[in-house]
Amino acid sequence: MAAIEPGYVCRRCGWGLSRRDGELDCPNCGVAVPIVDEIPRFPVPDAVDESAHETFFDRLAPVYETPVWFRPLYRFVGGATAPRDDRSTIASMLDLEAESGTEPAAEGDTEAPSVLDVACGTGRITRRVARDATSVLGVDISGGMLERAQRYAAREGLENVAFARMSADELWIDDGAFDRVACCWALHLFPDVDAALAELHRVLRSGGRLVGTTIVDEYVLGASPVRAVARLTVGAEPFDVESFRDRLREAGFSSLEFDRRGAALFFRARAG
Ligand SMILES: C[S@@+](CC[C@H](N)C(=O)[O-])C[C@H]1O[C@@H](n2cnc3c(N)ncnc32)[C@H](O)[C@@H]1O
Ligand SMILES: [Zn+2]
């Protein structure tokens with residue numbers, strides 16, 4: 001049983017979904033979303049090659065958090081000046097304790113923020129953020145990554161997290177439902193980045209914050225052979241910093257902050 005029960009909305013008609021007999025049902029249009037091992041599996045848009053992501057990231061899931069994958073890749077991409085622990089950096093950029101001082105959702109609201117972790121993978125960031133947030137929903141397209149995420153979170157006894165299979169460019173989540181959105185090491189993988197950014201903006205409350213990391217075509221990724229390997233292995237397309245800035249603005253974000261370390265770009269932005 002998921003420790004928290006997020007409110008999901010139907011993307012076909014906008015009604016709230018309700019849980020019944022092992023699925024989430026839309027009482028209005030009849031859409032039924034299966035729940036497999038406590039993870040709802042929402043449909044993904046046709047433009048997303050679900051099988052490609054599932055195949056690669058499903059296979060990667062068992063080793064993703066072991067010393068052979070994330071850490072060496074992070075060092076290679078981020079270089080010597082990248083923060084030692086990107087999780088703590090993201091948690092502090094999310095400003096999870098400062099809700100009372102910064103545009104509270106409602107007057108007198110001092111509760112820790114709710115966080116949506118988009119493309120959460122095995123939940124590396126989700127679990128770190130859960131320590132300081134009210135609740136965290138992790139969504140990802142890969143069932144294999146999500147199964148790990150669920151298992152690792154349970155092992156740590158985290159009761160304020162839940163996971164769901166969704167694509168970043170079609171979130172089955174209500175407008176303004178979250179105080180914070182994290183999206184780490186993933187935007188460069190999305191086939192429709194602008195649709196995904198529009199979704200991240202839509203599900204944030206006004207004044208809410210987007211925090212994340214992505215990769216840019218500088219440092220090691222300035223070299224075309226390295227970019228070719230990134231494209232062929234995971235379908236990664238590094239951004240040009242200036243055009244990434246423009247795309248965030250076009251999606252409606254403001255107060256943009258960037259910190260580039262090697263080819264790793266840490267970013268923070270405000271919705272509205
Ligand atoms: C490099 S991992 C990052 C995982 C996690 N955010 C972290 O920092 O460790 C990239 C993740 O993006 C997910 N992903 C790729 N395309 C996606 C999409 N369209 N919607 C949601 N997740 C997606 C992959 O399944 C994978 O788990
Ligand atoms: Zn519906």
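Just so it is clear, the structure is predicted and the values come from calculations on it, not from any experiment. We count ligands from 1, going down the list as the structure has it; atoms in each ligand are counted the same way.
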- Give the intermediate values and the outcome of ring-ring contact (aromatic ring centres under 6.0 Å, His included) for residues Phe253 and His201. CA-CA 7 Å; Phe253 290 101; His201 186 272; 5.0 Å; yes
- Contact partition for Cys120 relative to ligand 1, non-hydrogen atoms under 4.0 Å: backbone
- Note on the structure: Rounded to 10°, the SG/Cys13 to the Zn ion (ligand 2) to SG/Cys26 angle comes out at 90°
- Member of Asp174, Asp175, Asp179 meeting the salt bridge (Lys or Arg N to Asp or Glu O under 4.0 Å) criterion with Arg205: Asp179
- Task: Look up atom CG in Leu265 and atom CG in Leu187, then write down how far apart they are to the nearest 0.5 Å.
- Result: 10.0 Å
- Query: Atoms of ligand 1 less than 4.0 Å from Gly121 heavy atoms?
  - Reply: 4 (C), 27 (O)
- Do you know which of Arg71, Arg128, Arg127 makes salt bridge (Lys or Arg N to Asp or Glu O under 4.0 Å) with Glu65? Arg127
- Evaluating non-hydrogen atoms only, which member of Gly138, Ala168, Cys183, Ala61 is closest to atom 20 (N) of ligand 1? Ala168
- Message: Quick check on Asp246: does its CG atom have over 12 non-hydrogen neighbours (other residues, nucleotides or ligands) under 6.0 Å away?
- Response: yes
- Counting N and O atoms only, with roles assigned by atom type, does the side chain of Arg202 sit under 3.5 Å from a partner on the main chain of Ile173, one being a donor and the other an acceptor? yes
- Message: With nothing but distance in play, are any N or O atoms of Ile125 less than 3.5 Å from an N or O of ligand 1?
- Response: no
- If you measure from the Lys or Arg side-chain nitrogens to the Asp or Glu carboxylate oxygens, is any gap between Glu156 and Arg124 under 4.0 Å? no
- Query: Does Ala119, backbone or side chain, put an N or O under 3.5 Å from an N or O of ligand 1?
  - Reply: yes
- Task: Start with the C-alpha distance between Asp58 and Ser142, add both sets of side-chain angles, then the distance that settles side chain to side chain donor-acceptor pair (under 3.5 Å), and finish with yes or no.
- Result: CA-CA 6 Å; Asp58 281 0; Ser142 155; 2.7 Å; yes
- Query: Nearest heavy atom to atom 11 (C) of ligand 1: which of Asp140, Val118, Val44 does it belong to?
  - Reply: Asp140
- Short version for Trp185: what comes under 4.0 Å of ligand 1, heavy atoms counted, is both
- Report, in ascending order of atom number, the atoms of ligand 1 lying under 4.0 Å from any heavy atom of Met145. 27 (O)
- Message: Regarding ligand 1, does Asp117 bring an N or O atom to under 3.5 Å of one of the ligand's N or O atoms?
- Response: no
- Query: Is ligand 1 less than 4.0 angstrom away from at least one heavy atom of Glu65?
  - Reply: no
- Phe70 N/O under 3.5 Å from ligand 1 N/O: no
- Message: Counting only nitrogen or oxygen atoms and a 3.5 angstrom limit, does Asp169 reach ligand 1?
- Response: no
- Report, rounded to 10°, the angle at the Zn ion (ligand 2) between the two atoms SG (Cys10) and SG (Cys29). 110°
- Message: Looking at ligand 1, is there an atom of it that comes within less than 4.0 Å of some heavy atom belonging to Phe56?
- Response: no
- Are any of the N or O atoms of Asp86 closer than 3.5 Å to those of ligand 1? no
